[in-house]
Visitor: 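This is the structure I have questions about; it appears just below.
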Amino acid sequence: MTDVQKNPKWRHEFKYVSPEYILSYLEKRTAAVMQRDRHTGSQGYYAIRSLYFDDLYNTCYYENEDGTDPREKFRIRIYNASRERISLELKQREKGKCHKLSVPLTPAFCDEILSGKIPAVKDTDPYLVKKLIMEMQSRGLKPVCIVSYERVPLVWNAGNVRVTFDRNIRSSSSLSNFFEPFLPSRPILEAGTNMIEVKFDEFLPDFISEVLQTGRLQQTAFSKYYLCRRYNMAAETL
């Protein structure tokens, strides 16, 4: 495992709940002026799974609900249910902006987490891994929820712009199946409803802003983790 990325930029991040017909329309418009992310492959999208952590008091969940500023949360992310690329990420939000710290993880480290164990700290561990282990020990931080979806990502270098179209957003509490091809899960939005995210550094180019204008998008302050965890917590009370 290598050390955390240096000096990540604080970025603007806007999220919108969108009916599929608007999302599909905007995806076609945006694809005409932006490039697809190079990781999408021939399908034009990739499948994301994120294993989120929270503590004994569901602090991350309630901080999102209350709009606490600043706040942060840990997650482990994989793509296409593969062990080839595993990342530990710390998502931080402050004053309306966010940034993400990330380090690669080994499959063995992830398996240890999924088995319910707290890994031992090694001198060679990067800061982010040490911080996760420390919070697991001190706060009872542990994996609580898997968020999965399919993403079409479009990028533009100037302004470091990224517009993503996320479909089939689902929640799962089957943590042991994190790497399995089939993950038991439940949709967390109404049928035909998906999400669009717009992320950029200092500015959003006018031509991208214009192609995204419909006047019908519903902006949300809630994260996918919050929406998925809310669904799981509601199911647990039944």
Side-chain angles (χ1 to χ4, degrees), residues 11-52 64 75 77-82 85 87 89 91 93 96-98 100 145-172 180-201 203-232 234:
R11 289 164 59 77
H12 299 275
E13 181 178 271
F14 302 116
K15 304 173 185 180
Y16 303 91
V17 177
S18 172
E20 172 58 29
Y21 75 94
I22 293 180
L23 183 143
S24 181
Y25 168 72
L26 290 178
E27 180 185 344
K28 292 176 182 176
R29 280 171 57 93
T30 310
V33 298
M34 297 178 68
Q35 294 86 41
R36 287 190 183 270
D37 185 291
R38 61 187 176 86
H39 294 106
T40 54
S42 59
Q43 292 181 314
Y45 69 91
Y46 44 70
I48 292 177
R49 286 185 190 172
S50 295
L51 178 71
Y52 281 89
N64 194 184
R75 69 190 180 201
R77 174 163 287 187
I78 61 173
Y79 298 86
N80 302 317
S82 171
R85 180 184 172 194
S87 300
E89 300 178 347
K91 190 76 174 289
R93 180 173 291 275
K97 292 185 178 182
C98 66
K100 181 176 69 177
C145 180
I146 297 173
V147 177
S148 65
Y149 52 95
E150 287 82 49
R151 166 165 284 180
V152 175
L154 300 172
V155 298
W156 187 258
N157 288 336
N160 192 20
V161 181
R162 189 173 182 85
V163 180
T164 58
F165 301 88
D166 298 337
R167 293 180 171 88
N168 195 28
I169 303 169
R170 305 178 71 85
S171 173
S172 177
E180 296 300 319
F182 174 73
L183 175 69
S185 57
R186 317 171 191 87
I188 55 98
L189 296 174
E190 293 182 4
T193 303
N194 298 296
M195 289 188 73
I196 300 170
E197 295 187 4
V198 181
K199 306 172 186 178
F200 56 95
D201 289 350
F203 67 94
L204 181 66
D206 289 342
F207 73 94
I208 296 178
S209 179
E210 289 173 2
V211 299
L212 289 170
Q213 295 302 319
T214 67
R216 304 183 67 180
L217 290 180
Q218 177 187 346
Q219 188 170 355
T220 179
F222 295 130
S223 68
K224 293 186 184 71
Y225 164 69
Y226 173 83
L227 295 172
C228 287
R229 194 78 203 286
R230 183 178 66 178
Y231 187 100
N232 280 4

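Start at 1 with the first residue, then count along the sequence. Keep in mind that the numbers below use all heavy atoms, side chains included, and drop hydrogens, waters and symmetry copies. All figures in this text were calculated on a predicted structure; none of them were measured in a lab.
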Visitor: Residues in ring-ring contact (aromatic ring centres under 6.0 Å, His included) with Y46, at least two apart?
Guide: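 Y79.
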Visitor: Going by the rule side chain to side chain donor-acceptor pair (under 3.5 Å), which residues pair with T30 if we only count those two or more places apart in sequence or in a different chain?
Guide: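 With sequence neighbours excluded, T30 shows a side chain to side chain donor-acceptor pair (under 3.5 Å) to no residue whatsoever.
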Visitor: Please list all pairs meeting salt bridge (charged side-chain N to carboxylate O under 4.0 Å, His left out) that have one or both residues in residues 14-26, counting only residues at least two apart or in different chains.
Guide: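 Residue pairs with at least one partner in residues 14-26: E13-K15, E20-R167.
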Visitor: Looking at residues at least two apart in the chain, or sitting in another chain, which of them share a salt bridge (charged side-chain N to carboxylate O under 4.0 Å, His left out) with E89?
Guide: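 Scan of E89 (salt bridge (charged side-chain N to carboxylate O under 4.0 Å, His left out), adjacent residues dropped) gives R75, K100.
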Visitor: For residues 154-165, pull every pair meeting salt bridge (charged side-chain N to carboxylate O under 4.0 Å, His left out), keeping only residues two or more places apart or in separate chains.
Guide: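 For residues 154-165, and leaving out neighbouring residues, the salt bridge (charged side-chain N to carboxylate O under 4.0 Å, His left out) pairs sorted by first residue read D37-R162.
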Visitor: Under the side chain to side chain donor-acceptor pair (under 3.5 Å) test, which residues partner D201, sequence neighbours left out?
Guide: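 Residues passing side chain to side chain donor-acceptor pair (under 3.5 Å) with D201: R11, N160.
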Visitor: Run the side chain to side chain donor-acceptor pair (under 3.5 Å) test against R85 and tell me which residues pass, sequence neighbours left out.
Guide: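 In terms of side chain to side chain donor-acceptor pair (under 3.5 Å), with neighbours along the sequence ignored, R85 is linked to no residue.
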Visitor: Run the ring-ring contact (aromatic ring centres under 6.0 Å, His included) test against F200 and tell me which residues pass, sequence neighbours left out.
Guide: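 Listed in chain order: H12, F14.
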Visitor: Using the test ring-ring contact (aromatic ring centres under 6.0 Å, His included), find all partners of H39 that sit at least two apart in sequence or belong to another chain.
Guide: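 For H39, no residue satisfies ring-ring contact (aromatic ring centres under 6.0 Å, His included) once neighbours in sequence are set aside.
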Visitor: What residues, two or more places apart in sequence or in another chain, satisfy side-chain contact (heavy atoms from CB on, under 4.5 Å) together with F182?
Guide: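 Scan of F182 (side-chain contact (heavy atoms from CB on, under 4.5 Å), adjacent residues dropped) gives P184.
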Visitor: Ring pair (Phe, Tyr, Trp, His ring centres under 6.0 Å): which pairs involve residues 204-227, sequence neighbours left out?
Guide: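 For residues 204-227, and leaving out neighbouring residues, the ring pair (Phe, Tyr, Trp, His ring centres under 6.0 Å) pairs sorted by first residue read Y52-Y225, Y61-Y226, W156-F207, F222-Y226.
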Visitor: Is it the case that N64 and S223 place a side-chain donor and acceptor less than 3.5 Å from each other?
Guide: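 Their side chains do contain a donor-acceptor pair, which is all the 3.5 Å distance test asks for.
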Visitor: Just to verify, what does S148 make a side chain to side chain donor-acceptor pair (under 3.5 Å) with, not counting sequence neighbours?
Guide: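 Expected list: none.
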